[in-house]
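Notes to accompany the following structure.
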Amino acid sequence: MWARQREASSMYKRLTSRDYTDSLDVESRDYMSTMDVEAKSALLQDDVGIETSNPSWKLSFPHVVVATISSFLFGYHLGVVNEPLESISVDLGFSGNTLAEGLVVSTCLGGAFIGSLFSGWIADGLGRRRAFQLCALPMIIGAAMSATSKTLAGMLLGRLFVGTGMGLGPPVAALYVTEVSPAFVRGTYGSLIQIATCLGIMGALLVGIPVKDIAGWWRVCFWVSTIPATILALAMIFCAESPSWLYKQGKAAEAEVEFEKLFGVAHVKVAMTELAKLDRGDDIDSVKISELLSGPHFRVVFIGSTLFALQQLSGINAVFYFSSTVFKKAGVPSSLANVFIGIVNLTGSVIATALMDKLGRKILLQWSFFGMSMAMAIQVAAATSFASETGSLYLSVGGMLMFVFTFALGAGPVPGLLLSEIFPNRIRAKAMAFCMSVHWVVNFFVGLLFLRLLEQLGPGLLYSIFATFCMMAVVFVKRNVVETKGKSLQEIEIALLPQD
């Protein structure tokens, strides 16, 4: 069997995509020759069904929706302090202390780094479903601590707890959605993660609207977040566990049951056959950080880490964090500015959902980063002395909205989905955890240094640097990223098998 796997991997480098698909069919027939006649006959019948039809998306959809609640919570807690921050600072006695206000906003980022760092070990050790429940727990506890806090220290501790859940949720959501989705809708389902995040941010903004008119309303904003967190923890009891994780745990019978829930009876045998092709007898608990940084898996981990780093170095979070300043200069209230950003972000994410499985991941990434670089060029033009004051404001607002829109089309939703597809099953959870940790570190430093660099370099030069990173991303994607549209996880792993 191992010889056939290596042969298939070698053939992939010499054949076209159509020939590669044919080689998989040959390999499947060879594998089935070891089975008894009745099993072979049943499997052949199922293969015919798979070739002429895809599994019903309706079976896996509810499980994916529940998983994306974690992304909704992620977005909600990113935006929950935006509007109420002034009221919080007055009630807790640190009004006018910009350092304290910054800590309230950014403490959750430190917690998110911790949560993302350990997410792979939790997801591999406890399973995807329990990882989601563990993600919900600190969000409930942290939100309650923030809502009832009487001091700055209590607020910061609550935000730290919430942050650990925020860091744990996104990588596990990307893993779970990838592993439970049929190949033909995996990109669409992956886009739902980004849409849920957008809805979470918008939800936080909407809940925060009465904060200036109702005393203590900011406490309600935190309490509200405990509702979806509780739903996530309870609903996961009824969701399917990842068949890939169960199979690696030696629970093949349970994996079959979960495949039946997700794909239907007719597709179980072929799904299990594909898992069996890549069973190397590896122990997922033996994966160490050193193995991710060297050896046969270094290239895919390097691609993942670089993609997340370029995503943040594009300046997207600087735009999200400080967009209100640009809109205020144009005479637009901050609350209305946030609505504009939210609507554009959501619109781009919805369009990405429709395009992900039609155009593919790679082309969306390339054009997304290219569009972001053009948007930054507009921002640079707005910052030049040649633009009139009115023209500069229009260019600034238009460039910012274009930047967010093009980000939502690809650079936002694609990396998390793509990486969970290209990482082999053995290292998938831990590699995602490592790459998400890189994401949070770069995110932190961009947020920390943006205003200082803006002051030292000026908007023209700083936005030019962001545009340069976007163009670097275009080149990097073209040279290093493989297309995964429509391929099963097993086909992708065979294609990327390291040569012995």
Side-chain angles (χ1 to χ4, degrees), residues 78-79 82-83 194 197-198 201-202 205 310-352 355 363-414 442-443 445-475 477:
L78 277 180
N82 284 2
E83 285 296 320
Q194 179 73 9
T197 303
C198 296
I201 294 172
M202 295 180 71
L205 296 175
L310 289 170
Q311 181 196 61
Q312 296 305 306
L313 291 170
S314 70
I316 183 60
N317 278 315
V319 169
F320 278 134
Y321 294 155
F322 307 108
S323 61
S324 297
T325 305
V326 172
F327 281 100
K328 282 179 181 177
K329 289 181 180 178
V332 180
S334 61
S335 58
L336 191 58
N338 289 330
V339 171
F340 283 158
I341 292 291
I343 291 174
V344 169
N345 194 16
L346 180 61
T347 302
S349 299
V350 171
I351 295 174
L355 297 178
I363 192 169
L364 278 181
L365 264 183
Q366 284 181 279
W367 284 103
S368 174
F369 277 119
F370 180 77
M372 290 164 69
S373 68
M374 294 300 100
M376 278 298 174
I378 293 175
Q379 294 277 43
V380 172
T384 63
S385 57
F386 298 103
S388 65
E389 184 174 349
T390 303
S392 177
L393 290 176
Y394 279 120
L395 287 173
S396 293
V397 173
M400 184 168 294
L401 292 178
M402 177 183 172
F403 187 82
V404 173
F405 178 74
T406 51
F407 169 82
L409 283 177
V414 171
V442 180
N443 185 354
F445 282 107
V446 169
L448 179 68
L449 300 175
F450 175 76
L451 287 180
R452 177 63 62 86
L453 290 174
L454 187 63
E455 195 177 82
Q456 297 290 326
L457 303 178
L461 182 55
L462 182 58
Y463 290 149
S464 296
I465 293 173
F466 286 148
T468 302
F469 277 118
C470 290
M471 289 306 299
M472 288 172 60
V474 173
V475 176
V477 169

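- Taking both residues in full, the closest heavy atoms of V344 and L401 are given as CG1-O, 3.3 Å, listed atom of the first, atom of the second, then distance.
- Scored by the side-chain contact (heavy atoms from CB on, under 4.5 Å) test, I343 finds M202, V339, T347 as partners (sequence neighbours excluded).
- Ring pair Y463/F466 is tilted by interplanar angle, where 30° to 60° counts as tilted.
- Between I465 and L457 there is a side-chain heavy-atom pair separated by less than 4.5 Å.
- Shown here are the side-chain hydrogen bond (donor to acceptor under 3.5 Å, both in side chains) partners of Q312, two or more places apart in sequence or in another chain: N317, H439.
- Residues passing the side-chain contact (heavy atoms from CB on, under 4.5 Å) test with S368, sequence neighbours excluded: M372, A411.
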Given the rule in the side chain to side chain contact (heavy atoms under 4.5 Å, CB included) test, do F370 and M471 qualify, once you have shown the distances and angles that lead to the verdict? CA-CA 6 Å; F370 180 77; M471 289 306 299; 4.0 Å; yes
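- The nearest pair of heavy atoms linking F407 to P413 is O-CD, 3.9 Å.
- In terms of the side-chain contact (heavy atoms from CB on, under 4.5 Å) criterion, residue partners of L409 (sequence neighbours excluded) are, by chain and number, I351, F405.
- Summarising the geometry, atom CG belonging to L313 is positioned 12.0 Å from atom CZ belonging to F445; distances are rounded to the nearest 0.5 Å.
- Using a 4.5 Å heavy-atom cutoff, the side chains of N345 and Q194 are in contact.
- Between A467 and S373, the shortest heavy-atom contact is O-CB, 3.7 Å.
- Under the side-chain contact (heavy atoms from CB on, under 4.5 Å) criterion, V475 pairs with R479, sequence neighbours left out.
- Residues Q311 and G412 come closest through the heavy atom pair NE2-O, 3.7 Å.
- By the ring-ring contact (aromatic ring centres under 6.0 Å, His included) test, F469 is found to be paired with no residue, residues two or more places apart in sequence or in another chain being considered.
- With rounding to the nearest 0.5 angstrom, the OG1 atom of T197 is 11.0 Å from the CG atom of L346.
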